[in-house]
**Q** 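This is the structure, below, for whatever I ask next.
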Amino acid sequence: VQLQASGGGSVQAGGSLRLSCAASGFMFRLNTMNWYRQAPGKERDLVATITSDGNPNYADSVKGRFTISRDNVKKILYLQMNGLKPEDTAVYYCNLNLRREWWGQGTLVTVSN
């Protein structure tokens, strides 16, 4: 299993970013995929989940601002982040729970006022 996240960067509050996670080594289309984030000094928290048939679920803190999606042909997981706030600053990780937890390398999102 390989998960390669990209798309992070520095934006001002109110801005947008789209994260991508390229997946390989497993049957992507059959698995629920997740985005987590870890802010400095805090625990890693679940941000969004998408099932194999495309049903999303979100943490309350990002509902209405973030959209998780997937392309099962390209084997890519996305996280569209709009209306970014400074409290969204974190390293974002894509995640798969398949016999064990698999993590991408993380991509840093920094939101400034």
**Q** Tell me whether Arg99 at atom CZ has more than 12 heavy atoms from other residues, nucleotides or ligands lying less than 6.0 Å away.
**A**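 Atom CZ in Arg99 is not packed in, count stays at 12 or less.
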**Q** For a 4.5 angstrom cut-off between non-hydrogen side-chain atoms, does Leu77 reach Leu79?
**A** no
**Q** Specify the closest pair of heavy atoms between Leu96 and Thr32, including all atoms of both residues, with the distance to one decimal.
**A** CD1-O, 3.9 Å
**Q** Among Ile, Leu, Val, Met, Phe, Trp and Tyr joined by side-chain contacts under 4.5 Å, find the other residues sharing a cluster with Val73 and list them by chain and number.
**A** none
**Q** So, the side chain of Tyr78 versus the backbone of Thr67: is there a donor-acceptor pair under 3.5 Å, distance only?
**A**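 Answer holds: no.
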**Q** Quick one: which of Asn97, Asn31, Val1, Asn95 gives a side-chain contact (heavy atoms from CB on, under 4.5 Å) with Trp102?
**A**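 One option only clears the test, and that one is Val1.
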**Q** Is there a chain of hydrophobic side chains (I, L, V, M, F, W, Y, each step under 4.5 Å between heavy atoms) that links Ile76 to Tyr92?
**A** no
**Q** To the nearest 0.5 Å, what is the distance between CG on Asn72 and CE on Met33?
**A** 10.0 Å
**Q** Which pair of non-hydrogen atoms, one from Leu98 and one from Phe26, has the smallest distance, and what is that distance?
**A**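 Where Leu98 meets Phe26 most closely, the heavy atoms are CD2-CB, 4.0 Å.
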**Q** What's the shortest heavy-atom distance between Lys75 and Phe28, and which atoms?
**A**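 Shortest heavy-atom contact: CA-CD2, 3.6 Å.
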**Q** Nearest 0.5 Å please: distance from the NZ atom of Lys85 over to the OG atom of Ser112.
**A** 15.5 Å
**Q** Rounded at 0.5 Å granularity, tell me how far CG in Leu84 sits from OG1 in Thr110.
**A**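 OG1 of Thr110 is found 10.5 Å from CG of Leu84.
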**Q** Establish whether Ile68 and Tyr93 are linked, either directly or via other cluster members, by ILVMFWY side-chain heavy-atom contacts under 4.5 Å.
**A** no
**Q** Output, in order, the C-alpha distance, side-chain angles, deciding distance and verdict of side-chain contact (heavy atoms from CB on, under 4.5 Å) for Asn55 and Asp53.
**A** CA-CA 6 Å; Asn55 289 320; Asp53 55 357; 3.4 Å; yes
**Q** To the nearest 0.5 Å, tell me how far Arg65 CZ sits from Ser16 OG.
**A** 10.5 Å
**Q** Looking at every heavy atom in both Leu3 and Ala23, which two are closest together, and how far apart are they?
**A** CD2-CB, 3.8 Å
**Q** Inspect the surroundings of CD in Glu87 and state if more than 12 heavy atoms from other residues, nucleotides or ligands are less than 6.0 Å away.
**A**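 Yes, enclosed.
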**Q** Is atom CD of Gln2 surrounded by more than 12 heavy atoms (other residues, nucleotides or ligands) closer than 6.0 Å?
**A**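 No.
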**Q** According to a hydrophobic-cluster definition based on side-chain heavy atoms being under 4.5 Å apart (Ile, Leu, Val, Met, Phe, Trp, Tyr only), do Phe66 and Tyr36 belong together?
**A**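 No, Phe66 does not connect to Tyr36 through the hydrophobic network.
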**Q** Given the rule in the side-chain contact (heavy atoms from CB on, under 4.5 Å) test, do Trp103 and Arg44 qualify, once you have shown the distances and angles that lead to the verdict?
**A** CA-CA 12 Å; Trp103 299 94; Arg44 194 171 296 189; 3.2 Å; yes
**Q** Would you check if the side chain of Thr49 reaches a backbone N or O of Asn34 as a donor-acceptor pair within less than 3.5 Å?
**A** no
**Q** So, taking the atom named CZ in Arg70 and the one named OG in Ser20, what distance separates them when rounded to the nearest 0.5 Å?
**A** 14.0 Å
**Q** Is any NZ, NE, NH1 or NH2 atom of the basic residue among Lys63 and Asp60 found under 4.0 Å from an Asp or Glu carboxylate oxygen of the other?
**A**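 Asp60 and Lys63: salt-bridged.
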**Q** Tell me, do Ser61 and Arg37 make a side-chain contact under 4.5 Å, heavy atoms counted?
**A** yes
**Q** Just verifying a value: how many Å separate Leu46 CG and Trp35 CH2, rounded to the nearest 0.5 Å?
**A**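 If I round to the nearest 0.5 Å, the distance is 12.5 Å.
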**Q** What I'd like to find out is whether the side chain of Val109 reaches to under 4.5 Å of the side chain of Met81, using heavy atoms alone.
**A** yes
**Q** For the CD atom on Glu101, are there more than 12 heavy atoms of other groups (residues, nucleotides or ligands in this structure) within a distance under 6.0 Å?
**A** yes
